[in-house]
Number of protein chains: 2
Amino acid sequence: MVMPRSGGHISAAPPTLADVAELAGVSRQTVSNAVNNPDLLRADTLARVQDAIDKLGYQPNRAARSLRTRASHLIGLRMPALQEGTANAMMDRFVHTFVEAAAETGYHVLLFYGDPADPLDGYDELLRSTAVDAFVVTDTHLGGQQTTWLQSRRARFVSFGRPWTQPDAKHPWVDVDLAYGAEIATEHLIERGHSKIAWIGWHKDSLLGEERRSGWIHAMHTHGLSTTGLASRTEDSISSGKAAADAILDETEPTALVCASDTLAMGVLHSLFERRLRLGEDIAVVGFDDSQVAQTVPPGITSVRPPLEEAARELVKALEELLATPSYAAPGVMLKPVLTVRGSS
Amino acid sequence: MVMPRSGGHISAAPPTLADVAELAGVSRQTVSNAVNNPDLLRADTLARVQDAIDKLGYQPNRAARSLRTRASHLIGLRMPALQEGTANAMMDRFVHTFVEAAAETGYHVLLFYGDPADPLDGYDELLRSTAVDAFVVTDTHLGGQQTTWLQSRRARFVSFGRPWTQPDAKHPWVDVDLAYGAEIATEHLIERGHSKIAWIGWHKDSLLGEERRSGWIHAMHTHGLSTTGLASRTEDSISSGKAAADAILDETEPTALVCASDTLAMGVLHSLFERRLRLGEDIAVVGFDDSQVAQTVPPGITSVRPPLEEAARELVKALEELLATPSYAAPGVMLKPVLTVRGSS
DNA sequence: ACCATGGCTTGGAACGATCCAGAGTTTCAC
DNA sequence: GTGAAACTCTGGATCGTTCCAAGCCATGGT
């Protein structure tokens, strides 16, 4: 080494292992050990090296480390498509906690973008260039394309969402039991004295929708209540929520409505608004997701709140194990949502 | 080279430059040129190399490339703190477009987490480890700590938000002219025939708040309307929005309210809800941010919509220039919001 | 006094790409 | 036909780190 780089003329380049080694009077490898395996060093050497590290403000170069160890300490997360409804706000909360939890274990999150029309777009490039150590997949209910493809490429990943279409999938996953969510929502209404409780949900081909619907049915039947004429299936949008509410209010006059999403619940609110019915007084409404909207609309919409924070933490935990043990096959984790009760019921 | 790695036994490691070079019968450097400076190669050589690249599915290793070129092609974005109100949904929309725009120019976004109590937390580590090429800073209105610190570290960054407290800052920035936003919101109400238009805003020490407030004042005075007794300043929360609305509705009986945020507007809605006043009929309300909530609450809240997509694209453009020309000093870009009119006015 | 043991430290090689300087080939003007 | 310039292509060095195998040194048993 001819000259310490840190003494450079222009904007000092970051110090390297060699700089620290020189200052501490040890070899490069010893500094490396001080950082990665401190217990290999004698106490006094360690202290000396630590001093030098602090003095120079040394921080291992990520690229060099990645190159050598074949680990980037980055987790890839494909930016979920922006949705019309309230679901992306939920994703936001999830992403937030995930980033936080990942940071605690030394991982950062690499956000990437993929053409919404192609569920696989974006993954391949990052995988081939070994840019990330693993992925988090979020939209498993849209079909197993992403997970099967990743599996075939021997990529590491965990999913937020059970492997709906592949019960034998071996990757770690975390999901929220929203059938149970619908059940507690319905039971809450029954406790409040309602018996004509309608369901406004999604189309039959929506796995998530049928899942939630089953919870409503189960609760109704358990309590000996009829569901005939009380179910309606539609798109997940405000306008179709309104239309569905209009129809069902005209036909069967329920006293309470359980909606498969806060978006649909908002549609219901539009219907009530037109009919000059007072939410929470004339009629009760329960939604799903506990979105910003549900929290803020007066008088507040009772909503099924998925434990996103817990889910994120569980996923990070699974990721850690997966990356430590390549063959790691975790059992899926199913979390229970809670009902946040507000003025709407 | 003893053995091509691609012919390996277990899970084939990704192909390297050397593998491609061997297959195409050229040197490593030629392959590198084929990828980065195709016009340096003779047409037939290029074709041959391209074939080999395609056949092997070669993708340059990011870590190796980063190490050599000292560029990671990652942009650091510190996860904004989760807020009570509606502002984070706005950030979500911004982040989304930003990731998309960045992807188009070959950059990915590295999300990181920092202790909310320390606005600088997280930056240093990434900077020292040369993990990112640049940062996007978002909360400039909270004081110039982040930008001054980054500047002192000679870090590259752009900010979404003007340099409020340092008019001489030299970094590129993009911001939205929300004084103008308040102005068009107020004028919209004046056009609708209102003359007693109240302002519900933030505390005096909020730069953003005073900015917006000035637009309301300007519009009112331009049209010869008085503002006395019509302004109120409070926290950015639903409950304080409600309290402020309660007070002002009791005292001065305005026919319209302009709120500094959708969160405050929601607070107003709570007040109206209690008073059984009908939004958009008995009284008009305009908010800021055009959040999910404003879009979905019946009958919809008229709101000032910041052009987040455009802002994100402008920022990416500035970043590109900044990274190409280290000394690049861009003029700041000020964008104009538009008013999304809904049922509340 | 000698060798084995274990604790601590070291220099060389490697990860996979690009930079650099030079070598070989072609082109073209004189 | 010759030399210079332009065009292609190449091998070696390098970025900053960790892996690997070996070296040094004190300890302790024989």
Side-chain angles (χ1 to χ4, degrees), chain A residues 1-6 8 12-49 52-53 56-73 128-131 133, chain B residues 1-6 8 12-49 52-53 56-73 128-131 133:
Chain A
M1 175 129 303
V2 185
M3 208 184 249
R5 312 158 79 283
S6 44
T16 71
L17 260 192
D19 298 331
V20 178
E22 196 184 17
L23 180 60
V26 295
S27 74
R28 288 188 329 263
Q29 183 57 45
T30 300
V31 179
S32 174
N33 285 336
V35 174
N36 301 307
N37 302 81
D39 38 328
L40 285 183
L41 302 202
R42 219 170 41 208
D44 61 323
T45 316
L46 179 58
R48 198 149 36 95
V49 176
I53 288 178
L56 295 178
Y58 169 75
Q59 191 88 18
N61 179 303
R62 264 183 113 89
R65 179 178 266 188
S66 279
L67 175 57
R68 186 66 244 229
T69 63
R70 297 164 172 288
S72 64
H73 280 251
R128 280 212 165 85
S129 61
T130 62
D133 293 345
Chain B
M1 175 129 304
V2 187
M3 213 186 244
R5 313 158 78 287
S6 44
T16 72
L17 260 193
D19 297 331
V20 177
E22 196 185 17
L23 181 59
V26 294
S27 74
R28 287 189 329 262
Q29 184 57 46
T30 300
V31 180
S32 174
N33 285 336
V35 174
N36 301 306
N37 303 81
D39 37 328
L40 286 182
L41 301 202
R42 219 172 40 210
D44 61 324
T45 316
L46 180 58
R48 199 149 35 96
V49 176
I53 288 179
L56 295 179
Y58 170 74
Q59 191 88 20
N61 179 304
R62 264 184 114 91
R65 179 178 267 187
S66 279
L67 175 57
R68 187 66 244 229
T69 63
R70 296 164 171 287
S72 65
H73 281 253
R128 281 214 165 83
S129 61
T130 64
D133 293 345

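Protein chains get the first letters and strands the later ones, always in sequence-line order, with residue 1 at the start of each.
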A.B. asks: May I ask you to test the A:Pro14-A:Asn61 pair for a side-chain heavy-atom distance under 4.5 Å?
C.D. replies: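 Heavy-atom side-chain distance check fails, nothing below 4.5 Å.
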A.B. asks: Tell me what B:Thr45 touches on the nucleic acid: a base, only sugar-phosphate, or nothing, going by heavy atoms under 4.0 Å.
C.D. replies: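 Sugar-phosphate, no base atom in range.
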A.B. asks: Quick one: B:Leu40 CG to C:dG24 P, roughly how many Å, whole number?
C.D. replies: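 So the CG-P distance, B:Leu40 to C:dG24, works out to 20 Å.
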A.B. asks: Is any side-chain heavy atom of B:Leu41 closer than 4.5 Å to one of B:Val26?
C.D. replies: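 Side-chain contact under 4.5 Å: no.
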A.B. asks: What is the separation between atom CG on A:Asp39 and atom P on C:dG7, rounded to the nearest whole Å?
C.D. replies: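 To the nearest whole Å, that distance equals 12 Å.
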A.B. asks: Given C:dC20, C:dG16, C:dT10, identify the nucleotide with an atom nearest to the side chain of B:Thr16.
C.D. replies: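 Given the options C:dC20, C:dG16, C:dT10, the side chain of B:Thr16 is closest to C:dG16.
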A.B. asks: Name all residues meeting the side chain to side chain donor-acceptor pair (under 3.5 Å) criterion together with B:Ser27; count only those two or more places apart in sequence or in a different chain, and write none if there are none.
C.D. replies: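 Result, side chain to side chain donor-acceptor pair (under 3.5 Å) vs B:Ser27: B:Thr30.
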A.B. asks: Taking A:Ala131's backbone N and O only, do any of them form a donor-acceptor pair with A:Ser72's side chain (distance below 3.5 Å, no angle check)?
C.D. replies: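 At least one qualifying donor-acceptor pair exists.
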A.B. asks: Can you measure A:Leu67 atom CG to D:dT17 atom P for me and round it to whole angstrom units?
C.D. replies: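 That distance rounds to 12 Å.
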A.B. asks: Where do B:Asn36 and B:Pro38 come nearest, in terms of heavy atoms and distance?
C.D. replies: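 Taking B:Asn36 first and B:Pro38 second, the nearest heavy atoms are C-CD, 3.5 Å.
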A.B. asks: Is there a donor and acceptor pair, one atom on the side chain of B:Arg28 and one on the base of C:dT18, closer than 3.5 Å?
C.D. replies: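 Indeed, a donor on one side and an acceptor on the other fall under 3.5 Å apart.
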A.B. asks: Quick check: any donor-acceptor pair below 3.5 Å linking the side-chain of A:Arg68 to the base of D:dT17?
C.D. replies: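 No.
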A.B. asks: Can you figure out which of D:dT17, C:dT18, C:dT9 approaches the side chain of A:Ala64 most closely?
C.D. replies: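 For A:Ala64, the side-chain atoms sit closest to D:dT17.
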A.B. asks: Regarding D:dT17, can its base be found pairing with the side chain of A:Arg65 as donor and acceptor, where the two atoms are less than 3.5 Å apart?
C.D. replies: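 By the distance-only test, no, there is no pair.
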A.B. asks: Starting from P on C:dT9, measure out to CG on A:Leu17 and report it in whole angstrom.
C.D. replies: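 Atom-to-atom, A:Leu17 to C:dT9, this comes out as 16 Å.
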A.B. asks: Report yes if a side-chain nitrogen or oxygen of B:Arg42 is closer than 4.0 Å to either non-bridging phosphate oxygen (OP1 or OP2) of D:dC9; otherwise report no.
C.D. replies: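 Yes, within the criterion.
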A.B. asks: Check this for me: does the side-chain of B:Arg62 come within 3.5 Å of the base of C:dA17 through a donor and an acceptor?
C.D. replies: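 No pair found.
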A.B. asks: Side-chain N or O of B:Arg70 less than 4.0 angstrom from OP1 or OP2 on D:dG16?
C.D. replies: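 For D:dG16, OP1 or OP2 has a side-chain N or O of B:Arg70 closer than 4.0 Å.
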A.B. asks: What's the CG-C1' distance between B:Asn37 and C:dT18, to the nearest Å?
C.D. replies: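 After rounding, the gap between these two atoms is 10 Å.
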A.B. asks: Find the distance B:Asp19:CG to C:dG16:P and express it as a whole number of Å.
C.D. replies: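 In whole Å, C:dG16 P lies 9 Å from B:Asp19 CG.
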A.B. asks: Given 3.5 Å as the limit, does a donor-acceptor pair link the side chain of A:Thr69 with the main chain of A:Arg65, or not?
C.D. replies: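 Checked: pair present.
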A.B. asks: Measure the angle between the two terminal helix axes of the helix from C:dA1-D:dT30 to C:dC30-D:dG1, five base pairs each, and quote it to 10°.
C.D. replies: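 Roughly 50° between the end axes, to the nearest 10°.
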A.B. asks: Check whether any side-chain heavy atom of B:Ile53 sits under 4.5 Å from a side-chain heavy atom of B:Val49, and report yes or no.
C.D. replies: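 The answer is yes, as the side chains (C-beta and beyond) meet within the 4.5 Å cut-off.
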A.B. asks: Drop me the distance from A:Asn33's CG to A:Thr45's OG1, to the nearest 0.5 angstrom.
C.D. replies: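 Reported value, rounded in 0.5 Å steps: 11.0 Å.
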A.B. asks: Can you find a side chain N or O atom of A:Ser27 that sits less than 4.0 Å from OP1 or OP2 on C:dT9?
C.D. replies: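 The answer is no; no side-chain N or O of A:Ser27 sits under 4.0 Å from OP1 or OP2.
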A.B. asks: Look at A:Thr30 and C:dT9 and indicate whether a side-chain polar atom (N or O) is within less than 4.0 Å of OP1 or OP2.
C.D. replies: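 No.
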A.B. asks: Nearest nucleotide by nearest heavy atom, which residue falls closer to the 5' end of DNA chain D, B:Gly25 or A:Pro60?
C.D. replies: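 The residue whose closest nucleotide sits nearer the 5' end is B:Gly25.
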A.B. asks: Would you say a side-chain N or O of A:Asn36 is under 4.0 Å from OP1 or OP2 of D:dT18?
C.D. replies: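 A:Asn36 to D:dT18 OP1/OP2: side-chain N or O found under 4.0 Å.
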A.B. asks: Which whole-number value in Å describes the distance from B:Arg128 CZ to D:dG16 P?
C.D. replies: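 About 16 Å, once rounded to whole Å.
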A.B. asks: What is the separation between atom CG on A:Asn61 and atom P on D:dT14, rounded to the nearest whole Å?
C.D. replies: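 From A:Asn61 CG to D:dT14 P: 18 Å.
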A.B. asks: Phosphate oxygens OP1/OP2 of D:dT17: is one of them under 4.0 Å from a side-chain N or O of A:Ser32?
C.D. replies: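 No, no such contact exists.
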